Amino acid sequence: MTATAISLPVPQVPARRAQVRTEPLQDIPVSGHKRVLLAAPRGYCAGVDRAVVAVEKALERYGSPVYVRKQIVHNIHVVTELEAMGAIFVEEVDEVPEGAHVVFSAHGVSPAVVNAAADRGLQAIDATCPLVTKVHREAVRFARDDRHILLIGHAGHEEVEGTAGEAPDHVTIVNSPEEADTIEVADPSRVVWLSQTTLSVDETMETVRRLRVRFPELQDPPSDDICYATQNRQVAIKKVAKDADLVIVVGSANSSNSVRLVEVALEHGAKAAYRVDYADEVRQEWLDGVETVGVTSGASVPEVLVQEVLEALSGAGYRDVEQVRTAEEDLMFSLPKELRQDINGQKTERALGGRIRS
Ligand code: SF4
């Protein structure tokens, strides 16, 4: 059986987005005390930080242009800033001039893409998050054991395409709990599940539960595929959401983990929840009668964008900001091997580029 091609729409991000609000938010009185609950952890994860720094270091080392296959991370602001520094984003490696440098995004690539880049003589720098690479390795190993992999994730998402591409004859993609009720496999005694790293933990567990009803011999992966950053951000927003009249998630439309944060907030008590790329997308009417605003951001979002949302909210009277922290994070990944030394052979500093960790 081959990887299924079920079409779940993956939102496309416009090259530039339109500004939504031109006037500052108004400070309109509400019956109680206005406040913000700021979720932590939020924003940049270790894999995103590594990928963005990899492009920056590649530009420093090789000069502009450096090509990047797909958005390096799913955030319009990050992509726009890197473009301004000289990165050129392409959809496929056949758009890259022969012999040029190309960076593979944090979401990972299939072996077919790696081979296509090699065939063009491209100098590839692999910024795939190590936690995505871990899932690739699991897929390869299970396929070698002739297991059939039920890959829980969104068909069409780059990460799922990359993982499925490791063993296309051994993978069936399961998009949702409902789909778990209907998929078929050739040998139900040899099935194992894996997942995309950025899913809702609760929904994924529901999908697994339903798969196990159908396939009692379903094998679990050796460790969680939903990564620490996705899980931590969901735990934090659950705690915030139960006390929030409104939750604002900063993140782009094609950021899976950002979209999941909106869903998780709504499922855990937020009266309303919206995703914005930028502060000027926060609408005045969202604040009608709102005392408590929860704020968080997806794993591909620089902290500066959250601070701009807090500034806009401050202008609307939400100046009391309380951080709600549910976990500490200090994980960092080393850069791709090509970038661990600078042009003079000196060890490259693993800088966070001035980004504030939350
Ligand atoms: S969200 Fe998780 S899997 Fe994705 S880049 Fe960040 S740490 Fe890696």
Side-chain angles (χ1 to χ4, degrees), residues 10 39-56 68-79 82 103-110 125-139 151-154 157-164 166 194-201 203-204 221-237 249-264 275 296-303 305-306 326-336 350 352-353 355-358:
V10 174
R42 63 181 178 277
Y44 264 29
C45 61
V48 162
D49 173 55
R50 172 182 186 264
V52 174
V53 174
V55 177
E56 292 169 351
V68 183
R69 181 187 176 273
K70 309 282 187 187
Q71 293 190 345
I72 185 72
V73 299
H74 285 160
N75 185 266
I76 190 171
H77 178 80
V78 171
V79 168
L82 290 173
V103 181
F104 296 146
S105 81
H107 303 102
V109 291
S110 69
I125 297 162
D126 188 358
T128 303
C129 176
L131 300 182
V132 174
T133 301
K134 176 189 83 102
V135 184
H136 281 223
R137 291 207 182 105
E138 288 169 351
L151 178 58
I152 303 171
H154 297 151
H157 189 281
E158 288 142 56
E159 182 188 322
V160 171
E161 286 179 350
T163 306
E166 292 284 358
L194 297 177
S195 84
Q196 189 178 333
T197 56
T198 51
L199 301 180
S200 154
V201 175
E203 186 177 292
T204 302
S223 60
D224 281 349
D225 289 337
I226 298 178
C227 76
Y228 80 99
T230 301
Q231 298 197 32
N232 285 348
R233 281 149 192 69
Q234 288 177 16
V235 169
I237 200 58
V249 177
V250 186
S252 286
N254 62 341
S255 163
S256 172
N257 78 89
S258 301
V259 174
R260 299 290 86 74
L261 286 171
V262 173
E263 295 169 357
V264 169
R275 180 200 56 74
T296 188
S297 56
S300 47
V301 177
E303 178 66 7
L305 300 181
V306 175
T326 53
E328 299 289 341
E329 290 182 352
D330 55 9
L331 185 65
M332 288 180 85
F333 295 127
S334 57
L335 287 171
R350 202 44 205 90
L352 275 173
R355 291 177 273 275
I356 303 163
R357 279 218 184 254
S358 59

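Start at 1 and go down the list; that is how both ligands and their atoms are numbered. Since the structure is predicted, the reported quantities are computational estimates derived from the model, not experimental observations. No hydrogens, no waters, no symmetry mates; every other heavy atom, side chains included, goes into these values.
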(message) Any carboxylate oxygen within less than 4.0 angstrom of a Lys/Arg side-chain nitrogen, looking at E166 and R137?
(response)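 Here E166 does not pair with R137 in a salt bridge, since their nearest N and O are not under 4.0 Å apart.
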(message) Check R233 with E329, please: is the shortest side-chain N to carboxylate O separation under 4.0 Å?
(response) yes
(request) Give the residue and atom name of whichever protein heavy atom lies nearest to atom 3 (S) of ligand 1, and the separation in Å to one decimal. (result) T197 OG1, 3.3 Å
Check ligand 1 against [X] and write out every atom of the ligand that is under 4.0 Å from a heavy-atom position of the residue.
X: Y228; answer: 7 (S)
X: C227; answer: 1 (S), 2 (Fe), 3 (S), 7 (S)
X: C45; answer: 1 (S), 5 (S), 6 (Fe), 7 (S)

(request) Could you tell me whether the side chains of S252 and N254 share a donor-acceptor contact shorter than 3.5 Å? (result) no
(message) Taking N, O or S atoms only and a limit of 2.8 Å, check whether C129 reaches atom 8 (Fe) of ligand 1.
(response)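 Yes.
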(message) Using a 3.5 Å distance criterion without hydrogens, assess whether the side chain of R275 forms a donor-acceptor pair with backbone atoms of G251.
(response)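 Between the backbone of G251 and the side chain of R275 there is a qualifying donor-acceptor contact (under 3.5 Å).
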(message) Any non-hydrogen side-chain atom of H74 less than 4.5 Å from a side-chain atom of E159?
(response)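 They are not in side-chain contact.
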